[in-house]
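A short worksheet on the structure shown next.
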Amino acid sequence: MPQNDNTVELLTGKDRLGKKSRIPAWLDYLQSATGLFLALFITFHILFESSILFGKEAMYRLTKMFEGEPFIEGGEPLIITALAFIIFSMFIFHAFLAMRKFPSSYKEYQRYRAHSKLMHHQDTNLWFIQITTGFAMFFLGSIHLYMMMTSPENIGPFASSDRIYSDWMWPMYLLLLISVVLHAWVGVYRLIIKWGWFDGDNPRQNRKRAKTMIKGLVAIYLVLGLLSLASYMKIGYDHQDKYGERYVSEVKK
Amino acid sequence: MINKSQQVEENPEGYREIEITIFRYNSGKKDDKPAYQTYKLIETPGMTLYIALIKIWSTMDHHLSFDFVCRAGICGSCSMVVNGKPRLACKTRTEEFPDGKITLLPLPTFKHIKDLSVDTGNWMNDMSIKVESWIHSKEETDIAAIEKPIEPDVAQAVFELDRCIECGICLASCSTKIMHEDFVGAVGLNRSARFAMDPHDDRTDDEFYELIGDDNGVFGCMSLMGCEDHCPKELPLQTKIAYMRRKMVSLK
């Protein structure tokens, strides 16, 4: 006779002691925790990659710093592989958890869309952004993360620019940038509401403030990301005849 | 059907004419087809949708179905979708709509009866049973004795949540409820919070978990705040759902 709790839960919806599973609580918590981790990561990632706006040398130095150059001569791209692996794992785990909330049948989707179009409620519409950008990132994020994991040595002022311009990665990066910025900041707004982080004495007022702040951050990060992308495009365009050549630090010259 | 929806009213004061378009459908009648019907009427000062609907019903179309009891935002019977937003008809003035065009639909998610009339009562009753919406106490109540006193601010917080009128607007504004029929919604979670905060109730957080600790309960909420933004009683649903969520997640 099967004795494990899974069978009992299958038959009764509860465990042997007649208690509900705590897994839904964990899933809810972990969805938020992994989302917050990824949002924090992307906040810094976009800032770091925008170092190109300060010039090729700035971007090169920062890249080498992440490869551990102060301690390792010439840097070790495998550090990037390890970081990308951690982020990729977290990304997959978050996608797995968040997928639970997606409309999963025609009926659910039809009802959600018809209702949100009827109601014109901003936060309900923001969720549509969450699920569409989330869905897009299943693919866009995977392409990017896999490349970073397997070719970490191809990060640098010329290497990245060649990839973006000559290798035709810019349309993918453009879509990924828009998706990730919207998804991350709308997600952070949702977390603030969901867990009541900044309720204070006037939760309604603070929710409005949080939303204004989030809109500002979306705008700042989109502008920053687009300017960086444009900068890599320009370098890639200028560098197309020397495709494959690596940047050499001003200091070493 | 007596239908005088195009009837010209007398209007010596020169008030504006408004158009009210209403979803017409009888769920109980086989072969009935959903349709929209537009009624033109003269807006009078301070007119609410309640007054407008009564005017339509009494002078143009006696077959129109809709629900009202108190006319004062207390009974929660007259909830309907007004130009896309779930609202109480008795608390909605026609003058709010500058173009004078108003579309009325029945609340989604509830069992539709006819036209604007839906069955919220049975759903609310089931929800009350599901979240065990009553004081659980092992103490024998002596109705002759004065009730055990509680801190005034705690009482105030509990009474605040007790102001819920079960109008169903939180559910009709909720994407989770729209997609998942069994979700207890803000009204159910508000109930749980109300009893969780009440010192008269002996239930532990573990016991509340058994009632709302799943995707039909607090973990089904995606914090889209349709409930908070449409609640006609302006209940603190955002903070109370977060309160229950924190409680339920912190359990070992």
Side-chain angles (χ1 to χ4, degrees), chain A residues 13-14 17-33 98 100-105 107-128 130-131 187 189-204 206-207 211, chain B residues 81-87 103 105 107-109 169 171-181 205-231 234-252:
Chain A
K14 298 194 173 192
L17 301 169
K19 299 279 179 204
K20 257 186 193 168
S21 169
R22 290 283 155 88
I23 302 250
W26 273 104
L27 298 178
D28 199 52
Y29 174 77
L30 288 172
Q31 185 184 339
S32 294
R100 298 172 302 133
K101 301 290 178 186
F102 275 46
S104 61
S105 65
K107 190 184 165 193
E108 284 181 14
Y109 182 79
Q110 191 280 331
R111 288 179 62 82
Y112 165 69
R113 279 309 275 160
H115 179 250
S116 60
K117 281 179 186 169
L118 185 69
M119 206 166 56
H120 294 298
H121 177 245
Q122 199 176 50
D123 283 26
T124 302
N125 292 337
L126 284 179
W127 190 65
F128 190 64
Q130 286 291 89
I131 52 173
Y189 167 68
R190 195 78 68 212
L191 290 179
I192 292 171
I193 305 298
K194 190 171 180 176
W195 299 99
W197 284 343
F198 304 115
D199 280 353
D201 293 332
N202 191 346
R204 289 202 170 110
N206 289 338
R207 177 175 158 218
K211 198 186 272 184
Chain B
V81 177
V82 183
N83 284 2
K85 304 272 182 197
R87 303 180 67 167
T103 303
L105 311 175
L107 278 195
T109 87
I169 284 175
L171 300 157
S173 316
C174 171
S175 295
T176 302
K177 174 69 178 129
I178 290 287
M179 292 190 285
H180 306 289
E181 218 159 287
D205 289 348
D206 284 283
E207 287 170 292
F208 280 109
Y209 190 94
E210 293 306 310
L211 304 170
I212 58 160
D214 57 24
D215 286 331
N216 289 330
V218 73
F219 305 126
C221 167
M222 301 189 294
S223 310
L224 307 191
M225 293 294 105
C227 56
E228 165 92 7
D229 294 341
H230 294 95
C231 176
E234 297 182 358
L235 294 175
L237 301 170
Q238 173 197 331
T239 51
K240 288 302 168 283
I241 296 173
Y243 166 77
M244 289 314 286
R245 190 191 299 274
R246 289 194 302 265
K247 256 180 184 304
M248 297 300 100
V249 162
S250 60
L251 286 171
K252 293 278 170 298

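All values below were derived from every heavy atom in this structure, side-chain atoms included, with hydrogens, water molecules and symmetry-related copies excluded. Chain letters run A, B, ... following the sequence lines, proteins first and then strands; every chain starts at 1.
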Between B/A242 and A/G196, what is the shortest heavy-atom contact and its length? CB-N, 3.8 Å

Can you tell me how far the OH atom of B/Y209 sits from the NZ atom of A/K19, to the nearest 0.5 Å? 11.5 Å

To the nearest 0.5 Å, tell me how far B/D206 CG sits from A/K20 NZ. 12.5 Å

Sequence neighbours left out, what passes side-chain contact (heavy atoms from CB on, under 4.5 Å) with A/S116? Give chain and number order. A/Y112, A/R113, A/T124, A/N125

A/W195 side chain reached by B/V249 side chain, heavy atoms, under 4.5 Å: yes

Would you mind telling me which of A/M119, A/H115, A/K101 makes a side-chain contact (heavy atoms from CB on, under 4.5 Å) with B/S175? A/H115

Trace of the side chain to side chain contact (heavy atoms under 4.5 Å, CB included) decision for A/R100 with B/D215: CA-CA 10 Å; A/R100 298 172 302 133; B/D215 286 331; 4.2 Å; yes

Using non-hydrogen atoms only, which part of B/I241 is less than 4.5 Å away from chain A: side chain, backbone, both, or neither? neither

Please check if the side chain of A/R111 supplies one atom and the backbone of B/I178 the other of a donor-acceptor pair under 3.5 Å. yes

Side chain to side chain contact (heavy atoms under 4.5 Å, CB included) assessment of B/L224 paired with A/R190: CA-CA 8 Å; B/L224 307 191; A/R190 195 78 68 212; 3.5 Å; yes

Using a 6.0 Å cut-off, check whether atom CD1 of A/I23 has over 12 heavy atoms from anything other than its own residue. no

Other residues, nucleotides, ligands: >12 heavy atoms within 6.0 Å of A/W197 CH2: yes

When the 4.5 angstrom heavy-atom criterion is applied to B/T109 and chain A, the contacting part is both

Return the CD to CZ distance between B/E234 and A/R204, rounded to the nearest 0.5 Å. 6.0 Å

Measure B/M222 against the heavy atoms of chain A and call it side chain, backbone, both or neither at under 4.5 Å. both

Indicate yes or no: at least one non-hydrogen side-chain atom of B/K252 is less than 4.5 angstrom from one of A/R22. no

Part of A/K117 lying under 4.5 Å from any heavy atom of chain B: neither

Can you tell me how far the CD1 atom of A/I193 sits from the OG1 atom of B/T239, to the nearest 0.5 Å? 10.5 Å

Toward chain A, the part of B/L105 with a non-hydrogen atom under 4.5 Å: side chain

Could you tell me whether the side chain of B/K85 and the main chain of A/H120 form a donor-acceptor pair under 3.5 Å? yes

Euclidean distance, B/R246 CZ relative to A/Y29 OH, rounded to 0.5 Å: 13.5 Å

Which bit of B/V218 is near chain A, if near means a heavy-atom gap under 4.5 Å: side chain, backbone, both or neither? neither

When you check the gap from the basic side-chain N to the acidic O, do B/D229 and A/R207 get nearer than 4.0 Å? yes

Would you check if the side chain of A/K194 reaches a backbone N or O of B/S223 as a donor-acceptor pair within less than 3.5 Å? no

Measure B/S173 against the heavy atoms of chain A and call it side chain, backbone, both or neither at under 4.5 Å. both

Proximal component of A/S21, with respect to chain B [non-hydrogen, under 4.5 Å]: backbone

